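First the structure, in the form of structure tokens, and then the observations on it.
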Amino acid sequence: MSQDARLERLLDFLRRSPTPWHATANMARRLEEAGYRRLEETEAWRLSPGERVYVSRNDSSLVALQLPRERLTALRLVGAHTDSPGLRLKPNPAQSAAGWLQLGVEVYGGALLAPWFDRDLGLAGRVHLRHADGRIEGVLLDVAKPVAIIPSLAIHLDREANNGRAINAQTEMAPVFLQGGGRPDLERLLAGWVAEQHGLEDVELLDFELAFRDMQPPSRVGVDGEMIASARLDNLLSCFIGLEALLESDGRQGAVLVANDHEEVGSASACGAQGPFLGDVLRRVNAQLGEAGEEGFIRLIQASRLISCDNAHALHPNFPDKHDAAHGPVLNGGPVIKVNASQRYATNSATAALFRDLCRAAEVPVQSFVTRADMGCGSTIGPITATELGVPTLDVGVPQWAMHSIRETAGARDVEHLTRVLTAFFDRPELA
């Protein structure tokens with residue numbers, strides 16, 4: 001498969017995945033096209049060796065499994081997350097000022113706020129409706145056209161704007177939506193967009209989870225197209241790469257892709273990494289195909305390995321002093337092993353050695369990241385999943401710039417790099 005074809009597929013995935021619900025639906029669609037069967041958590045499962053299945057929770061998290069052809073004794077797990085920082089609508093968002101309808105927002109996760117100003121914003125998420133027969137249904141909504149903007153204040157009215165002024169999310173970040181409108185206009189517009197996208201007209205809008213999205217499409221940037229620029233690279237890039245690797249694996253080993261929601265806000269939810277979702281799925285699978293009982297499950301987990309994939313901070317050419325001099329990953333320099341002595345990342349020497357050996361076998365360069373000793377360190381689903389399950393884990397990621405901005409940048413060649421390594425991991429007969 002050509003690198004260009006994979007990158008075009010990535011750009012299409014990013015374009016069609018403005019929210020965790022859309023990303024999960026798009027991954028599920030690709031899995032089904034590849035022969036994966038959807039399981040429902042509320043139903044009894046009947047599993048067979050060699051089968052390919054997946055299960056979703058909250059429509060925003062997903063676990064896909066390639067079951068081994070022989071007895072289940074070990075799993076190769078890759079983890080990522082579907083959510084990204086941004087601006088989400090409040091339940092009663094309509095507010096008026098200076099003759100304009102604005103929409104009140106909450107900041108989801110650790111968003112970099114300044115880049116949200118003066119951008120064409122669409123609206124996307126999940127809406128729950130009541131049909132005329134009383135049935136309640138959730139549907140996805142993607143208003144893929146510019147419907148709002150957060151205008152900057154002119155420098156003539158704020159001479160300190162370039163001197164590091166703080167941004168107030170409550171008073172300065174409400175997008176401008178409609179001139180002269182009010183709450184009824186918002187409800188009418190939402191109902192119209194739902195009807196337009198789903199053909200549903202005789203319905204009542206009950207509730208919604210909606211977020212603003214950048215309307216600038218993802219693209220390849222640079223003289224040679226060596227960069228990828230897009231919203232939500234953190235962490236849809238890892239979701240895409242993990243899915244590509246799973247679908248390209250040979251299918252002989254037990255392989256798992258888990259994509260959790262709510263990582264950007266701490267992972268403490270029913271479908272987050274700190275919740276029971278992955279453990280619930282693996283226990284049900286082990287009960288049918290592995291060594292039954294709690295001891296059998298513990299043996300399975302200890303024989304398995306998890307690679308937590310979440311993007312890494314690349315060395316910024318304008319801010320080289322923000323990195324430790326010996327640990328500055330570069331774009332297109334290969335996947336990054338992320339290390340933190342305080343366990344903000346789950347990597348240890350044993351799991352890092354496994355990944356370095358995989359990179360050697362796949363002929364892929366590998367890099368390391370450790371944050372400066374005088375700076376704080378972020379975290380991932382890696383330590384959380386390792387804590388919940390006890391599975392030996394390491395943290396890796398594609399290097400990127402502008403993490404948590406409305407538009408982020410990564411290296412085009414690193415997509416192929418990490419896909420090759422993860423495919424080798426899924427195919428590896430032994431995990432020691």
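Computed from a predicted model, the values in this text were never measured in an experiment.
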Which label fits Tyr108 and His262: parallel for a plane angle under 30°, tilted from 30 to 60°, or perpendicular past 60°?
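Ring orientation, 0 to 90° scale: tilted.
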Quick one: ring pair (Phe, Tyr, Trp, His ring centres under 6.0 Å) partners of His323, sequence neighbours excluded?
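Phe369.
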Do the non-hydrogen side-chain atoms of Glu137 and His128 ever get within less than 4.5 Å of each other?
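Side chain of Glu137 against side chain of His128, heavy atoms only: no contact under 4.5 Å found.
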Partner of Leu87 under side-chain contact (heavy atoms from CB on, under 4.5 Å), chosen from Leu121, Leu103, Ile150:
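Of Leu121, Leu103, Ile150, side-chain contact (heavy atoms from CB on, under 4.5 Å) with Leu87 is met by Ile150 alone.
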Residue among Leu243, Asn26, Val53 satisfying side-chain contact (heavy atoms from CB on, under 4.5 Å) with Leu31:
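Only one of Leu243, Asn26, Val53 forms a side-chain contact (heavy atoms from CB on, under 4.5 Å) with Leu31, namely Leu243.
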Charged N to carboxylate O below 4.0 Å: is that the case for [X] and [Y]?
| X | Y | value |
| --- | --- | --- |
| Arg220 | Asp4 | yes |
| Glu416 | Arg6 | yes |
| Arg126 | Asp59 | yes |
| Asp224 | Arg413 | no |
| Arg38 | Glu40 | yes |
| Asp142 | Arg213 | yes |

Would you say [X]'s side chain and [Y]'s backbone share a donor-acceptor pair under 3.5 angstrom?
| X | Y | value |
| --- | --- | --- |
| Ser238 | Ala80 | no |
| His81 | Asp83 | yes |
| Lys338 | Ala346 | no |
| Glu201 | Ala195 | no |

Which pair of heavy atoms, one from Gly378 and one from Tyr345, lies closest together, and at what distance?
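So the minimum-distance heavy-atom pair works out to O-CE2, 3.8 Å.
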Looking only at heavy atoms, which two atoms of Thr419 and Glu244 are closest? And how far apart?
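Shortest heavy-atom separation between Thr419 and Glu244 comes out as CG2-CB, 4.0 Å.
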With sequence neighbours excluded, tell me which residues meet side-chain hydrogen bond (donor to acceptor under 3.5 Å, both in side chains) with Gln274.
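Partners of Gln274 under the side-chain hydrogen bond (donor to acceptor under 3.5 Å, both in side chains) test: none.
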Can you list everything that forms a side-chain hydrogen bond (donor to acceptor under 3.5 Å, both in side chains) with Asp207? Sequence neighbours excluded, please.
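None.
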How far does CE of Met215 sit from CZ of Arg119, to the nearest 0.5 angstrom?
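Going from the CE atom of Met215 to the CZ atom of Arg119 covers 11.5 Å.
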To the nearest 0.5 angstrom, please state how far the CG atom of Leu236 sits from the NE2 atom of His22.
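One gets 12.0 Å once the value is rounded to the nearest 0.5 Å.
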Show your working on side chain to side chain donor-acceptor pair (under 3.5 Å) between Glu51 and Tyr36 and close with a plain yes or no.
CA-CA 8 Å; Glu51 192 175 12; Tyr36 279 71; over 6 Å; no
Give the intermediate values and the outcome of salt bridge (Lys or Arg N to Asp or Glu O under 4.0 Å) for residues Arg88 and Glu106.
CA-CA 5 Å; Arg88 298 201 175 184; Glu106 287 186 284; over 6 Å; no
Glu172: salt bridge (charged side-chain N to carboxylate O under 4.0 Å, His left out) partners, not counting sequence neighbours:
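Glu172 satisfies salt bridge (charged side-chain N to carboxylate O under 4.0 Å, His left out) with Arg165 only.
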Candidate pair Ser60 and Asp261, rule side chain to side chain donor-acceptor pair (under 3.5 Å), full reasoning:
CA-CA 6 Å; Ser60 63; Asp261 195 2; 2.8 Å; yes
Output side-chain donor-acceptor pairs under 3.5 Å for residues 381-390, partner residues at least two apart or in another chain, one line each.
residue, atom, partner, partner atom, Å
Thr385, OG1, Ile381, O, 2.8
Thr387, OG1, Pro383, O, 2.7

Under 3.5 Å, which donor-acceptor pairs do the side chains of residues 275-283 form with other protein atoms, sequence neighbours left out?
residue, atom, partner, partner atom, Å
Asp280, OD2, Arg57, NH2, 3.0

Does the side chain of Asn260 come under 3.5 Å of the side chain of Ser61 through a donor N or O and an acceptor N or O?
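No, no side-chain donor-acceptor contact under 3.5 Å.
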